Protein chains: 2
Amino acid sequence: METTAPLGLRDKKRAETRAKLERVAVELVLRDGLAHATVDAISDAADVSPRTFFNYFDSKEDAILGVRNPELTDDEVAQHLAASDGGGLVESIVSLLLWVIEPSTTSSELHMSRMKVVKAHPELLSRHITQMTRMADQLTAGIQTLLEKDPRFEGDSPETLQPSADVLFALCTGGVRVAVKEWVTNGSAATQDQLANLDQLERRAIELVREVTKKIQ
Amino acid sequence: METTAPLGLRDKKRAETRAKLERVAVELVLRDGLAHATVDAISDAADVSPRTFFNYFDSKEDAILGVRNPELTDDEVAQHLAASDGGGLVESIVSLLLWVIEPSTTSSELHMSRMKVVKAHPELLSRHITQMTRMADQLTAGIQTLLEKDPRFEGDSPETLQPSADVLFALCTGGVRVAVKEWVTNGSAATQDQLANLDQLERRAIELVREVTKKIQ
DNA sequence: CTCAATTATTGCGCTTGCTGCAAAGTTTCG
DNA sequence: CGAAACTTTGCAGCAAGCGCAATAATTGAG
């Protein structure tokens with residue numbers, strides 16, 4: 001599942017440093033607030049120079065949210081979409097989005113802390129969104145090929161061709177966004193098992209999308 | 001329609017300064033690129049101190065896009081929604097969103113320049129989105145009351161109650177976003193008459209939303 | 001093991017965005 | 001006119017982020 005080539009001491013250290021920065025960033029934000037958790041402070045607490053910080057992350061927010069610069073490969077996207085195929089379009093796409101948002105490699109504790117951070121500083125949500133749109137092209141490309149493989153849109157008449165991958169993407173993004181927002185605002189119910197949480201989030205996002213598409217005519 | 005109390009020389013000057021800043025900001029970005037159009041340069045070209053710049057705008061981007069700090073009043077939102085009522089929900093909401101994005105008071109020339117700017121610097125689009133989400137609470141509140149007045153969702157059974165205003169908002173936001181993106185990327189067709197453009201944009205956004213809701217079951 | 005190539009870390013200095021504060025200038029209105 | 005209200009501005013400061021060049025660590029080949 002993971003392409004973690006178990007190579008070299010070097011990469012190992014690098015991974016550790018990144019992990020430490022992510023962890024410390026979240027900690028400091030929780031303790032001192034977003035504004036007080038400066039890059040200097042974070043780097044300091046991670047025993048690393050501020051300059052090094054920017055070798056790992058493009059911005060403070062990226063560190064806090066655990067966003068990795070090395071963006072997705074097309075293969076990864078295609079693979080994930082293929083894996084969750086069989087269900088509906090919406091299911092596949094929502095799953096993809098949640099996967100992008102959530103660096104699944106993080107520890108569950110870090111994950112929970114991040115939830116708290118986002119709850120305390122909702123501005124960060126827009127960073128999440130930005131991240132999504134940053135990868136939008138890649139993701140919509142993946143969705144596009146998914147659409148092309150979908151038998152449902154094969155022999156359609158011209159005007160009822162495939163729905164635009166862009167729009168689908170936007171719609172699902174909306175669903176995910178709202179699901180996350182709901183889940184962030186409606187208290188800490190079930191914050192223990194974050195795997196169940198993810199699942200729940202996914203279901204809710206799909207439900208929201210469905211709800212709207214049904215109601216609007 | 002507008003609450004422009006034609007008061008005082010003071011307010012007049014203020015309006016002029018703001019307009020000048022907006023105009024100059026767009027000009028400089030077009031001429032020198034986004035990075036080179038610094039706050040200093042903009043303020044300079046507008047014969048105003050950099051410090052004053054921030055009395056008018058919260059950020060460089062706000063000036064470029066003509067975003068006004070004094071956010072919307074609930075009344076304005078309600079009024080606009082009421083005005084475009086009668087059509088469908090989607091129509092009303094899309095119209096509202098476009099109205100929020102586009103400060104209608106700007107001159108058409110400035111408007112066109114802004115289009116070019118956005119085309120040349122798509123990063124700015126995310127600012128637009130941010131602005132939308134910034135006002136999300138207010139707008140969804142307005143949508144919520146619109147939903148409550150809608151006879152279509154009145155006597156529904158519990159599980160088929162109103163679709164969440166949040167999700168509707170997200171969906172339409174997605175539609176608008178994609179419409180704008182399309183229109184930005186697909187060349188300069190019809191950039192002459194920007195009123196027609198807005199109309200076209202609105203129609204396209206609605207169409208996109210419809211398209212998706214129909215296709216997905 | 002040793003040495004050279006590669007890559008990571010760091011310090012330094014700089015630009016830019018943005019804010020608070022208090023002084024000086026304008027506009028308004030009685 | 002003259003006081004109150006508001007704007008502009010300079011100054012000083014913080015934090016983000018980048019380019020560069022020196023230093024240090026890791027690696028792989030011999």
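Naming: A, B, ... by sequence-line order, numbering from 1 per chain. Being a predicted model, the structure only gives us computed values, none of them experimental.
Side-chain proximity of B/S59 to D/dT8, C/dC18, D/dT26: nearest is C/dC18. Of the candidate nucleotides D/dC18, C/dC18, D/dT8, C/dC18 has the atom lying nearest to any side-chain atom of B/K60. You'll find that the side chain of A/F54 is closest to D/dA16, out of D/dA25, D/dA16, C/dT10.
Contact annotation: side chain of B/R10 to base of C/dT26, donor-acceptor pair present below 3.5 Å.
Atom pair B/F53:CZ and D/dT8:P shows a separation of 13 Å (rounding to whole Å applied). The CG-P distance, from B/L28 to C/dT16, rounds to 13 Å in whole Å. Rounded to an integer number of Å, the gap from A/L34 CG to D/dA16 P is 9 Å. In this structure, the CG atom of B/D58 is 9 Å from the P atom of C/dC18, given to the nearest Å. Spacing between atom CD1 of A/I64 and atom C1' of D/dA16 amounts to 12 Å, rounded to whole angstrom units. If you measure from atom CG of A/D32 to atom P of D/dC14, you get 18 Å, rounded to the nearest angstrom. With rounding to whole Å, B/K13 atom NZ is found 10 Å from D/dT9 atom P. Between the C1' atom of C/dT19 and the CZ atom of B/F57 lies a distance of 17 Å, rounded to the nearest Å.
Near DNA chain D, defined here as any heavy-atom distance below 4.0 Å, the residues from residues 35-52 of chain B are B/V48, B/S49, B/R51, B/T52, listed numerically.
The backbone N or O of A/V48 lies less than 3.5 Å from no partner atom in the side chain of A/T52, so there is not a single donor-acceptor pair. Side-chain N or O atoms of A/K60 include one that pairs as donor or acceptor with a backbone N or O of A/L34 at under 3.5 Å. Counting only distance, with no hydrogens or angles, the side chain of A/R114 and the backbone of A/I64 share a donor-acceptor pair below 3.5 Å. Of the possible donor and acceptor atoms, one in the side chain of B/H36 sits under 3.5 Å from a partner among the backbone N and O of B/D32. Without hydrogens or angle criteria, A/T17 side chain to A/K13 main chain gives a donor-acceptor distance under 3.5 Å.
Here B/R14 reaches the OP1 or OP2 of D/dT8: one of its side-chain N or O atoms lies under 4.0 Å away. For D/dT7, neither phosphate oxygen OP1 nor OP2 lies less than 4.0 angstrom from any side-chain nitrogen or oxygen of B/Y56.
Relative to the six-membered ring of A/Y56, A/R14 meets both conditions, a distance below 6.0 Å and an angle of at most 45° to the axis.
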Strand DNA chain C in bracket notation, Watson-Crick/G-U under 3.5 Å with | for pairs to another chain: ||||||||||||||||||||||||||||||
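Under the 4.0 Å criterion applied to side-chain N and carboxylate O atoms, B/R204 and B/E207 are assigned as salt-bridge partners. Between B/E91 and B/R210 there is a salt bridge, since a side-chain N of the basic residue sits under 4.0 Å from a carboxylate O of the acidic one.
In terms of heavy atoms, B/L21 sits closest to B/S43 at CD2-CA, 4.5 Å.
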